[in-house]
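Numbering of ligands and ligand atoms starts at 1, following listing order. Heads up: numbering here begins at 1 and tracks the sequence.
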Amino acid sequence: MSQPPIAAALLIASLAAAAQPRQMDPDARAATTERQMMPAERTVLLHGIMALPLGPGGLPADAVPGAGFIPGIARLGVPALKETDASLGVSWVSGIRGDGATALPSGMGMAATWDPELLHAGGAMIGSEARAKGFNVMLAGGVNLMREPRNGRTFEYLGEDPWLAGTLAGASVAGIQSQHVVSTLKHYALNDQETGRQFHDARIGEAAARESDLLAFQLAIERGQPGSIMCAYNRVNGVHACGSDFLLNQVLKKDWGYKGWVMSDWGAVHGVDFALRGLDQQSGEQIDDEVYFGERLQAAAAADPAYAQRVADMNRRILRSIYAVGLDAQPARSEAIDFAAHGAVAERLARAGIVLLRNQRNALPLTDSLKRIAVIGGYADSGVLSGGGSSQVQGEGGPAVSRPRGGDGVFAAMLAENYHPSVPLAAIRARAPGAELSFRTGRYISDAVVAAKQADVAIVFATQWMTEGLDVPDLSLPDGQDALIEAVAAANPRTIVVLETGGPVLMPWLERTGAVLEAWYPGARGAEAIAAVLFGDENPSGRLPATFPAALEQLPRPRLPGADTVEPDFSGKGRPGQTLQIDYDIEGADVGYRWFARTGRRPLFPFGFGLSYTSFATGPLQVKTGRSITAECSVRNTGQRAGADVVQVYLVSANGAARQRLVGFQRVQLAPGESRSVSLVIDPRLIASWSGDGWRIAAGSYRFATGRSAAELGAPIDVRLPARQWRP
Ligand code: BGC
């Protein structure tokens with residue numbers, strides 16, 4: 001029987017698509033496939049659902065419950081996109097899949113390692129778990145800068161510095177994509193607090209944005225080549241980020257030459273015209289007012305060549321990333337996971353990211369000879385804390401402790417303070433089998449004090465839970481923990497505080513304690529990592545990726561914007577027409593330590609700070625100029641134990657004007673007495689200013705110094721640089 005012509009054409013097109021050589025470059029392949037799309041196929045990849053069984057029909061047969069699902073086009077060999085959150089592992093989605101995954105430490109915990117190789121290994125580990133569960137897109141790669149330490153998502157991100165955060169996010173993205181899983185940098189851009197998250201308006205000048213938040217994205221894109229970028233809920237200078245011609249068309253696609261696709265955040269699309277402004281895909285469409293990128297976009301494309309052109313480009317961008325990352329050639333399929341090996345990866349990151357903030361009279365490390373140890377608070381008898389929201393990961397069997405925090409709202413079930421079953425009390429017991437251990441919940445101060453008095457050492461576990469959707473109102477430790485620590489420290493001078501916090505907290509009790517460890521949310525094997533540091537099996541080497549202020553008054557915005565006008569609410573939608581302007585021009589590009597340097601304020605702990613059980617000496621700095629600018633110095637372990645130092649190099653001033661910026665860093669592992677030379681190529685954008693339509697370095701004298709932290713700099717050296725100007 002002869003084929004009708006249309007069917008024959010379709011068959012030939014399908015065979016041609018299937019036969020496309022895989023080694024062809026992804027742009028050419030994407031163009032070929034896009035040209036073969038039939039009209040009805042042209043919006044298939046451009047919109048998708050939140051992958052939860054919400055409606056009467058449930059989920060499409062080939063969807064995996066998770067964050068999102070976009071059907072494929074089998075005729076053209078295009079796989080469906082199966083999306084899962086997020087940067088800390090395959091998310092739990094309240095347990096609906098019935099499976100668990102390996103939780104990495106929080107973003108802050110990983111950033112505190114200052115180690116791109118570890119971030120790459122962590123990315124590869126979670127990417128492989130995503131693949132083994134049938135996902136081929138991870139919504140992982142949170143790189144918003146910490147402008148606001150009360151931001152409920154601080155724990156998901158990588159601190160306050162564009163070079164540190166951009167380098168580490170790029171490494172994590174590359175690790176994920178090494179597993180043939182697309183990674184997604186997010187939330188583009190200036191999505192720096194959760195209060196009013198659907199409507200707040202980040203106001204900032206272009207130069208300030210280009211030198212800070214946007215630079216972190218730019219660096220991460222260059223290093224990680226993410227297949228996709230997620231635009232943010234908020235507005236930037238009055239315009240929704242997902243409908244911002246400036247952010248998407250001008251900066252991302254034109255200036256930076258980004259070739260992948262832009263997906264919306266879930267519920268962030270407000271019109272079909274967002275397609276013209278640079279948005280390529282509508283995600284989680286059930287929670288938008290309309291499905292804009294389906295039939296409406298098809299109709300717009302039929303009537304208007306500008307839309308038709310965009311539709312072609314939108315498809316090509318998505319296809320390009322599918323081909324570049326190998327989603328079609330290496331399809332995700334269900335596989336067994338080696339949780340022991342993956343837990344070891346999470347533990348390596350946790351150990352390297354724990355920061356020793358204080359250590360008086362060698363309170364740490366603890367020795368095997370201790371007779372009585374009091375462990376107090378923080379659910380240390382049950383687990384370690386994790387952060388809430390879409391990034392929430394849990395292991396098989398779910399959380400060890402789950403405290404509802406959601407009130408009676410729609411999102412109540414999502415809002416729970418969850419603890420991983422990695423148990424500090426057990427890990428301490430395993431490390432000190434001869435000691436008598438007592439545990440107190442910390443709910444009653446008097447009872448904790450009795451235990452502390454009777455012990456050789458008191459270890460207080462203190463927690464600050466953070467979640468997507470809600471900011472913390474201030475930086476105190478909640479539930480009376482500050483008073484608890486104060487009383488325990490008064491009862492026992494060898495009081496060790498182990499902090500499990502999303503980000504910076506205030507420490508009114510600091511001077512009374514023996515030692516303080518910042519363990520962040522330490523992930524699936526957090527307790528083992530904490531015990532290893534407490535007992536000196538691991539020499540602490542984490543360095544703060546963000547400034548810890550001494551008081552809220554030191555921040556650019558002492559009060560959280562919207563604290564008194566916006567009702568705390570996970571959806572962040574607010575009342576109809578509600579607005580909230582946030583003035584980021586107060587600090588401009590001077591986020592975090594740069595703000596503290598500019599205003600001469602002394603933080604509680606500066607960016608880059610972290611103690612060790614050994615000591616290090618950094619040799620004199622040399623800066624060589626030529627085709628590139630290179631900083632060189634040596635570092636020596638001058639103590640008795642092996643350990644890692646992080647060499648940090650800062651720009652201090654430009655032509656006499658104070659201008660502090662981290663321009664290079666490297667983590668170095670050293671045996672006692674060992675010395676190493678470090679050579680760091682400085683990215684010129686870290687020295688330059690954004691001016692008009694490009695980067696500019698003014699000719700003159702630039703001062704650099706090494707730093708033990710941003711606030712403890714070594715001897716400076718001055719270098720003359722010629723004038724230079726270039727486009728992004
Ligand atoms: C979050 C994103 C997340 C998405 C899908 C949104 O609410 O802002 O980070 O990837 O949901 O779960």
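Between Lys133 and Glu335 there is no salt bridge, since none of the side-chain N atoms of the basic residue sits less than 4.0 Å from a carboxylate O of the acidic one. A salt bridge links Asp313 with Arg310; the closest basic N to acidic carboxylate O contact falls under 4.0 Å. Under 4.0 Å is where a charged nitrogen must lie from a carboxylate oxygen, and between Arg147 and Glu160 no such pair does.
Considering only heavy atoms from C-beta on, Leu560 comes within 4.5 Å of Thr195 through its side chain.
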Show me, pair by pair, the donor-acceptor contacts under 3.5 angstrom made by side chains of residues 272-279, not counting sequence neighbours?
| unit_1 | atom_1 | unit_2 | atom_2 | d |
| --- | --- | --- | --- | --- |
| Asp273 | OD2 | Arg277 | NH1 | 2.8 |
| Asp273 | OD2 | Arg277 | NH2 | 3.3 |

List of N/O pairs, ligand 1 versus protein, all under 3.5 Å?
| unit_1 | atom_1 | unit_2 | atom_2 | d |
| --- | --- | --- | --- | --- |
| ligand 1 | 7 (O) | Tyr233 | OH | 2.8 |
| ligand 1 | 7 (O) | Glu468 | OE2 | 3.0 |
| ligand 1 | 8 (O) | Arg153 | NH1 | 2.8 |
| ligand 1 | 8 (O) | Asp265 | OD1 | 3.3 |
| ligand 1 | 8 (O) | Asp265 | OD2 | 2.7 |
| ligand 1 | 9 (O) | Arg153 | NH2 | 2.8 |
| ligand 1 | 9 (O) | Lys186 | NZ | 2.9 |
| ligand 1 | 9 (O) | His187 | NE2 | 2.7 |
| ligand 1 | 10 (O) | Asp85 | OD1 | 2.6 |
| ligand 1 | 10 (O) | Lys186 | NZ | 3.1 |
| ligand 1 | 12 (O) | Asp85 | OD2 | 2.6 |

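A cation-pi arrangement is absent between Arg235 and Phe199, since the terminal nitrogen or guanidinium carbon is not both under 6.0 Å from the aromatic centre and inside a 45° cone about the axis.
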